[in-house]
Each structure stands twice: as C-alpha cells, then as structure tokens.
Amino acid sequence: MAKAIDIQDLVVEFPGARRGSAVRALQGLSLSVEQGHVYGFLGPNGAGKTTTMHVLLGFIRATSGVARLFGEDVRHTIARRRIGYLPEHPNTYRFLTGRELLHMAGRLFGLPRAALQARVAELLAQVDLEAAADRRLATYSRGMLQRIGLAQALVNDPDLMILDEPTSGFDPLGRARIRAIIAGERERGKTVFFSSHELSEVERLCDRVGILSGGRLVTEGSVAELVKAGESLEQYFISTIRSAAN
Amino acid sequence: MIQILTLAQVVWLEMIRRKDFYVLFILLAAFLAILMALDLFGLSQAVTYLKEIGLLLTWIGAWILAVSISARQLPQEERSLTIFPLLAKPVSRVQVLLGKWLGAWAAVGAATLVFYALLTGMVVLRGGTFDTLVLGQAWLLHLGFLGIVTALAIAFSTCCNADAASVLTYLITLGAWLILPRVPDLVLKVSGPTQAGLMALYYALPHLELFDLRRRLVYAWEPASSATVLLILIYGLLMAAIFLTLGALAYRNKRFTHGAML
C-alpha cells in the first residue's frame with residue numbers, strides 16, 4: 001500500500017535578497033506518513049512547515065527531491081484528487097454564498113450534481129452552517145469562514161486531509177468541533193497531516209509527530225516514544241528546538 | 001472541462017454581483033437618454049448621431065469592462081489567498097487560466113449584448129432602425145474583439161498585478177486599434193530598422209480594426225459576407241489562443257509563496 005505522504009530529500013530554495021543568492025527553506029527533508037495515521041507537523045515559525053505543505057499541494061516546485069501523495073508525484077494534478085486542504089486563513093469568494101462555495105468545490109472535484117446536493121447538505125449540517133448556507137460569505141464571521149473552509153476541504157470525502165493551523169481563529173467550541181472531525185476522520189481510516197502550535201491538541205490527536213527546525217526534520221515518532229513520563233510534549237518540543245539550534 | 005466551466009461560472013457570478021456592470025449600464029443609458037433628447041440636426045441626422053455615439057460608448061464601455069474584469073481575476077485570487085484552496089484541488093493552472101478567460105469573455109459578451117439591446121431600443125424609440133443581420137454580425141465580431149482583449153489582460157495578469165495588467169492591456173489594445181491600420185502608410189516613409197520594427201509590430205499585434213462594424217451599422221451598408229465574418233472570428237480566436245498560451249507558459253511555474261518561509 002502506497003504511503004499517504006512520501007517525501008525524499010526535499011530541497012526548496014527561494015531567491016535571496018542579493019542577486020544570485022538563495023535562501024534554503026527546506027534542506028533535504030525526508031518524511032513519510034502511513035495511511036490512516038494522524039500526523040502532527042510541528043516546528044517554530046519559519047521552520048518550513050508551510051513550505052512543505054505548499055510543495056505537497058503543488059503551489060511551489062521543489063528545487064530538488066521528490067514528494068508523492070498516495071504514490072503520485074505532487075507535480076501531477078491527479079495527486080490532488082484524494083486530498084482536502086484547509087489553509088491557515090481560509091479566505092473565500094466573498095460574493096458567493098456558503099452553499100455555492102461548496103458546490104463550486106465539489107464541481108472542481110468532478111462530483112456529479114445529484115450526489116453533490118446531498119453532500120453539501122450533509123457538510124453544512126456537520127459544520128453547523130445550515131442557517132447561514134444561503135448568505136453571502138462577505139457576511140460571515142471569522143469562525144464561520146473557518147467552518148465553511150473546513151467544509152470545502154471535506155467535500156470530496158478526502159483520504160488525506162492537510163490542515164495548516166486548523167484551530168487558529170476558532171473559539172473553544174470551534175476547536176472542539178475540529179478535534180471531533182479529525183478524530184472522526186481517523187476512525188474512518190483517513191489520514192490527517194496537520195501543523196499546529198497547540199501542542200496539547202497535537203498530543204491528544206496524533207499517532208505520530210515530526211518536529212521541523214531550520215528546514216530539517218530533527219525528530220519524529222509517536223508521542224509515547226518521544227516524551228518521557230512526567231514530561232509534556234511542549235517541554236519536549238522546546239528542548240528539542242533549543243538543542244537543534246545549538 | 002467541468003473545472004473550466006465551474007471557474008467560468010464563478011467569474012460570471014462575480015460580475016452579476018459587483019457594481020461595475022450596473023454603473024456602466026446606467027452611464028450608457030444616461031448618455032443615450034441625453035442624446036435622444038437633443039435634436040440639433042433634424043430627425044434623420046439625430047438618429048445617425050445617436051447610433052454613432054451610442055456604438056462608440058458601447059465599445060468603450062465593453063472595453064473597460066473587459067479589461068477590468070479579466071485583469072483582476074488572477075491577481076485577486078492571489079491577494080485574497082483563494083488561489084491556495086483552488087490549486088489544492090485537482091485543477092491545473094492551465095484550467096484556471098482558461099476558466100478565468102472563458103468566464104470573463106462570456107460575462108463581458110453578455111453585458112455587451114445588453115448594451116446593444118439598450119442602444120437598439122433607444123434608436124427605435126427615436127424613430128430609427130438597425131439592419132438585424134448587420135447588428136448580429138457587429139455583435140459577433142465585437143465578441144471576437146473582446147476575446148482578444150480578455151486573453152491579453154489575463155496573460156499580463158499572470159506576471160503583473162491587476163493595475164499593471166490593466167494599463168498594459170489598455171495601451172496595447174489602444175495602440176493596436178489606432179496605430180496598426182496606419183502602419184502600411186508609415187512603412188513607406190521610413191527605412192531600415194524602423195521599417196522592420198513597424199512591420200514586426202504590424203504582424204505581431206492583433207488587428208482589432210477588423211472587428212469593428214460600426215460604420216456598416218450606422219450608415220446601413222450591406223452585411224459583410226459570412227465567410228469574411230467567420231475568418232475574422234477564427235483570426236480572433238487564434239490571437240486569443242496565442243495570448244493565453246503565453247500566459248499559461250508564464251503561469252505554469254509561478255511560485256505561490258504566501259506564508260512560506262522566505
């Protein structure tokens with residue numbers, strides 16, 4: 001069975017401030033995520049988490065190395081058929097209604113109209129936006145936008161969800177909803193790959209975590225393997241990042 | 001194909017729900033109403049005047065709408081960050097480009113049809129008429145013109161922001177429209193590299209004057225032959241395809257780096 005995510009020796013360089021110079025955002029990153037796992041992708045700001053996600057989603061081409069989703073090279077459109085993505089700031093087309101946005105997302109996945117009607121109704125109920133479904137997105141609050149963003153990430157019933165800081169911007173109730181959705185996806189055998197600074201959340205949800213620092217994966221394993229008894233993931237994270245920096 | 005049509009539909013919905021089209025429509029209606037009220041040269045000349053100015057305003061309105069709608073599509077996706085959830089779906093960048101172009105073209109084409117209908121209504125109210133066949137041909141060729149303009153604006157917007165793409169499109173289309181028809185005369189008066197440069201421009205830029213049937217409409221001339229109209233439309237689609245291909249080449253490897261470590 002192909003891995004949900006398979007990254008080998010990934011290097012990403014951005015042009016530097018001076019002509020001809022380059023900044024290395026990822027320095028030979030290798031990591032893999034098995035199908036059915038919830039993987040927490042951790043690291044301080046600027047570690048390269050978002051860059052990694054952007055390579056996986058095809059927004060950025062890697063300078064070298066290979067990235068695959070379910071065995072498909074991420075440079076091919078087909079690799080994105082089985083994924084759902086929630087960006088950190090899920091901005092949307094403000095002139096559309098919530099229902100129209102979900103229909104649009106479904107049509108982009110090629111879902112037939114009849115099946116899409118039912119799927120959209122189901123998702124609107126799941127994210128508690130049935131009452132606001134026919135309102136323009138311009139009138140939605142930040143939390144509502146986050147929820148409709150999550151619903152559009154789920155529209156194709158993805159086998160892999162890539163979530164960039166999924167709980168930022170949510171109130172405690174919204175966070176609980178997100179956690180429930182991630183747990184539900186895992187129960188259904190789906191894979192979730194997410195970045196977060198909420199380490200208690202990561203501890204609670206993830207089968208495995210990887211810690212990234214300076215564009216390299218400095219450690220990886222299950223929370224039980226990495227964190228000693230009596231220690232929290234947050235303490236482990238801070239000590240790992242400090243020792244990586246030295 | 002379904003992806004392209006879905007993206008086109010979003011552009012269409014955007015045009016319907018924004019104010020640009022309504023503002024232009026109201027302005028056009030107001031200008032035409034003022035022109036209708038004037039009777040400076042007697043009835044027959046007043047109708048000709050109404051047709052001439054009305055068609056000019058229709059062309060200008062459609063031109064502005066075409067550039068403003070198409071030039072902002074891709075930069076707006078980047079600025080509002082909607083490009084990320086969009087490209088995370090199984091949609092290629094070429095499909096995004098084609099969807100945006102098709103949507104902009106269809107939306108502006110429909111708006112132009114409304115402008116023509118308004119003008120025709122005003123002309124009829126003033127006691128004049130348009131030859132239906134010539135009117136149809138004029139609208140079809142106007143669509144061809146809009147196809148080129150929207151493709152050019154979309155192509156520029158793959159590597160510029162919306163304002164820069166708009167300005168470049170306005171300059172090139174205006175230059176092509178006004179200067180290209182005079183190039184054959186100018187070529188005879190210069191020599192050497194200037195002549196070669198003028199000839200290169202003459203063949204590289206789109207001949208937008210071919211799409212303009214206004215005089216045929218205003219002075220009730222015979223309809224153009226169907227073959228000629230068809231050939232001009234094919235030429236228009238070919239030019240649009242060239243601009244879209246250039247845009248796709250620029251857009252293919254564009255890095256979307258918002259939020260990524262730099």
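Convention: sequence-line order gives letters A, B, ...; per-chain numbering from 1.
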A:Arg81 atom CZ, over 12 foreign heavy atoms within 6.0 Å: no
Per-residue contact mode, B:Glu77 against chain A (heavy atom under 4.5 angstrom): side chain
Minimal non-hydrogen separation, A:Leu57 against B:Ala88, with atom names: CD2-CB, 3.8 Å
Pair A:Tyr85 + B:Phe84: ring centers closer than 6.0 Å: no
Which portion of A:Arg136 sits near chain B, non-hydrogen atoms under 4.5 angstrom: side chain
Nearest-0.5 Å distance, CE of residue A:Met104 to CG of residue B:Leu7: 6.5 Å
Interatomic spacing from NE2 in A:His76 to OG in B:Ser92 - rounded to 0.5 Å: 12.0 Å
From B:Lys89 atom NZ to A:Ile83 atom CD1, the distance as rounded to the nearest 0.5 Å: 9.0 Å
Neighbour count >12 (heavy atoms, 6.0 Å) for atom CZ, A:Arg75: no
Atom CD of B:Gln9 with >12 non-hydrogen neighbours under 6.0 angstrom: no
Flag if over 12 foreign heavy atoms under 6.0 Å of CZ, B:Phe31: no
Carboxylate-amine/guanidinium proximity below 4.0 Å for A:Glu100 and B:Arg17: yes
Residue A:Ala79 versus chain B: region with a heavy atom under 4.5 Å: neither
Steps toward side chain to side chain donor-acceptor pair (under 3.5 Å) verdict (A:Tyr93, B:Gln76): CA-CA 10 Å; A:Tyr93 304 98; B:Gln76 185 174 266; over 6 Å; no
B:Arg93 portion near chain A, given a 4.5 angstrom heavy-atom threshold: side chain
B:Ile2 CD1 to A:Leu108 CG distance, which is reported to the nearest 0.5 Å: 9.0 Å
A:Ile78, CD1: over 12 other non-hydrogen atoms inside 6.0 angstrom: no
Which portion of A:Leu96 sits near chain B, non-hydrogen atoms under 4.5 angstrom: both
Sidechain-backbone polar pair: A:Arg107 side chain, B:Gln3 backbone, donor-acceptor under 3.5 Å: no
Option that, when pairs with chain B are counted at under 4.5 Å, heavy atom only, ranks first among A:Arg94, A:Met53, A:Arg61: A:Arg61
Working for side-chain contact (heavy atoms from CB on, under 4.5 Å), residues B:Ile16 and A:Phe95: CA-CA 10 Å; B:Ile16 290 173; A:Phe95 51 89; over 6 Å; no
More than 12 heavy atoms of other groups within 6.0 Å of A:Lys3 NZ: no
Most contacts with chain B, counted as non-hydrogen pairs under 4.5 angstrom, among A:Ala105, A:Pro87, A:Gly149: A:Ala105
Heavy-atom proximity to chain A below 4.5 Å, by part of B:Leu86: side chain
